[in-house]
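To start, the structure itself, in structure tokens.
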Protein chains: 2
Amino acid sequence: MTDLSRYERQLKEAGLRLTGPRRLILRILTESGDHPDAAEIVQRATARGTRLSLATVYRTMKVLEETGTVERHAFQGGPARFEKADRAHHDHLIDLDTGDVVEFTSPRIEELQRAIAEELGYEIVDHRLELYGRKIRCE
Amino acid sequence: MTDLSRYERQLKEAGLRLTGPRRLILRILTESGDHPDAAEIVQRATARGTRLSLATVYRTMKVLEETGTVERHAFQGGPARFEKADRAHHDHLIDLDTGDVVEFTSPRIEELQRAIAEELGYEIVDHRLELYGRKIRCE
DNA sequence: AATGCAAATGAGACTTATTCTCATTAAGAC
DNA sequence: GTCTTAATGAGAATAAGTCTCATTTGCATT
């Protein structure tokens, strides 16, 4: 869990307290390979035998977003889903049949986005690129 | 209003009734140059002196999405906003300061998306590309 | 180790966006 | 005009997320 202690350092540096619930949430995110939503995080805490309030999850996520520790994704018509932000930037392809999330990156798309925004007189602060698709079946 | 009658034809073809509220909603969308949300559509109906229920707006939008008459956009943390789908496909750049929505298209980005999805074994059903930015000020 | 203060938490009330229910209305076919 | 059934309005219900406030707990200081 060197990962975990790195998060703890990030919290410290932001002048935030290293509380039990925060440790727990960070541990759950670190150990989850997927993109859980707030309710799932509470469930995973419960599964570990620890009580955790939904309000705390949302509050903590807001804080951790600000410190750059987690990322929030609001996919089409569902609750927001979270993942830790320790990896390089990537976009998402959502499998419409299973709900699975596949990650991908495209420097070329990023560059095109930047160029388009600039042409319109804008500087990009944030962006969202989500593909919704179905597996191609090879019959 | 040739536009309007085109919508009416689309409804007819889908076996849907051409009701007062539906005409009204279509007229409002046709006359609106922006991307109103459901509540705004009700307000604009009221401004015309016609009562219109929020439930009807949402129901109608669902129906019109299915007939390909309108598009729904769920931008970051606000209500869904609607626009008529009679123009060519485009993506959106949202001005973080004013909330303005600027439309743009990029065939190259579209093509890159298709290629990426294919490489991952997926076929794209839908996609979302939103840029959030700020105007570049020339001092 | 004990103290004190501000930050963080939990539980539930509240807000906002959207869908559902059901009694009433009104398209449009005959 | 009548009849059938889809569509509507009004408000209840649901879902996601935020807020309030009394209580707890980090942690800096003794």
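Quantities reported herein were computed from a predicted structural model and do not represent experimental measurements. Lettering of chains follows the sequences in order, A, B, ..., and the numbering in each one begins at 1.
Contact between Arg17(A) and Leu11(A) at its shortest, heavy atoms only, is O-CD1, 4.4 Å. Heavy atoms only, all atoms of each residue included: Ile124(B) and His127(B) are closest at CG2-CB, 4.4 Å.
With rounding to whole Å, Ile41(A) atom CD1 is found 17 Å from dG10(C) atom C1'. Rounding to whole angstrom units, CG of residue Leu52(A) and C1' of dT9(C) are separated by 10 Å. Taking atom CZ of Arg22(B) as the reference point, atom P of dT25(C) lies 19 Å away to the nearest angstrom. dA7(C) atom P lies 15 Å from atom CG of Leu11(A), rounded to whole Å. The distance between atom CG of Leu16(A) and atom P of dA6(C), rounded to the nearest whole Å, is 17 Å. One can place CZ of Arg59(A) at 8 Å from C1' of dG10(C), the figure rounded to the nearest angstrom. Following rounding to the nearest Å, Phe82(B) (CZ) and dT18(C) (C1') show an atom-to-atom distance of 10 Å. Straight-line distance from the CE atom of Met61(A) to the P atom of dA16(D): 16 Å, rounded to whole Å.
In this structure, of dG28(C), dA17(C), dG17(D), it is dG28(C) that holds the atom nearest to the side chain of Leu18(B). Out of dG9(D), dT25(D), dA11(C), the shortest distance to the side chain of Thr56(B) is found at dG9(D). Relative to the side chain of Ala55(A), the nucleotides dT19(C), dC19(D), dT4(D) differ in distance, and dC19(D) lies closest. Comparing dT18(C), dG10(C), dA6(D) by their nearest atom to the side chain of Arg17(B) picks out dA6(D). Distance from the side chain of Lys12(B) is smallest for dG28(C) among the nucleotides dC27(D), dG17(D), dG28(C). Closest to the side chain of Pro79(B), from the set dG17(D), dG10(C), dA17(C), is dA17(C). Considering only side-chain atoms of Arg51(A), the nucleotide from dC27(D), dA11(C), dA7(D) that sits closest is dA11(C).
Using a 4.0 Å heavy-atom cutoff across all strands shown, Ala80(A) reaches sugar-phosphate atoms only and no base atom.
Residue Tyr58(B) places no side-chain N or O under 4.0 Å from the OP1 or OP2 atom of dT19(C). Residue Lys62(A) places at least one side-chain N or O under 4.0 Å from the OP1 or OP2 atom of dT18(D).
Summary of the strand contacts: Gly20(A) and Arg72(B) both lie near DNA chain C, and taking for each the nucleotide with the nearest heavy atom, the more 5' one is attributed to Gly20(A). Where Thr60(A) and Thr19(B) meet DNA chain C, the nucleotide closest to each residue was compared, and Thr60(A) sits on the side nearer the 5' end.
If you chain together hydrophobic residues whose side chains sit under 4.5 Å apart, Leu64(B) and Leu18(B) fall into the same group.
Ring pair His35(A)/His92(A) is perpendicular by interplanar angle, where above 60° counts as perpendicular and below 30° as parallel.
Contact annotation: the side chain of Leu93(A) never approaches that of Ile116(B) to less than 4.5 Å [non-hydrogen atoms, C-beta and beyond].
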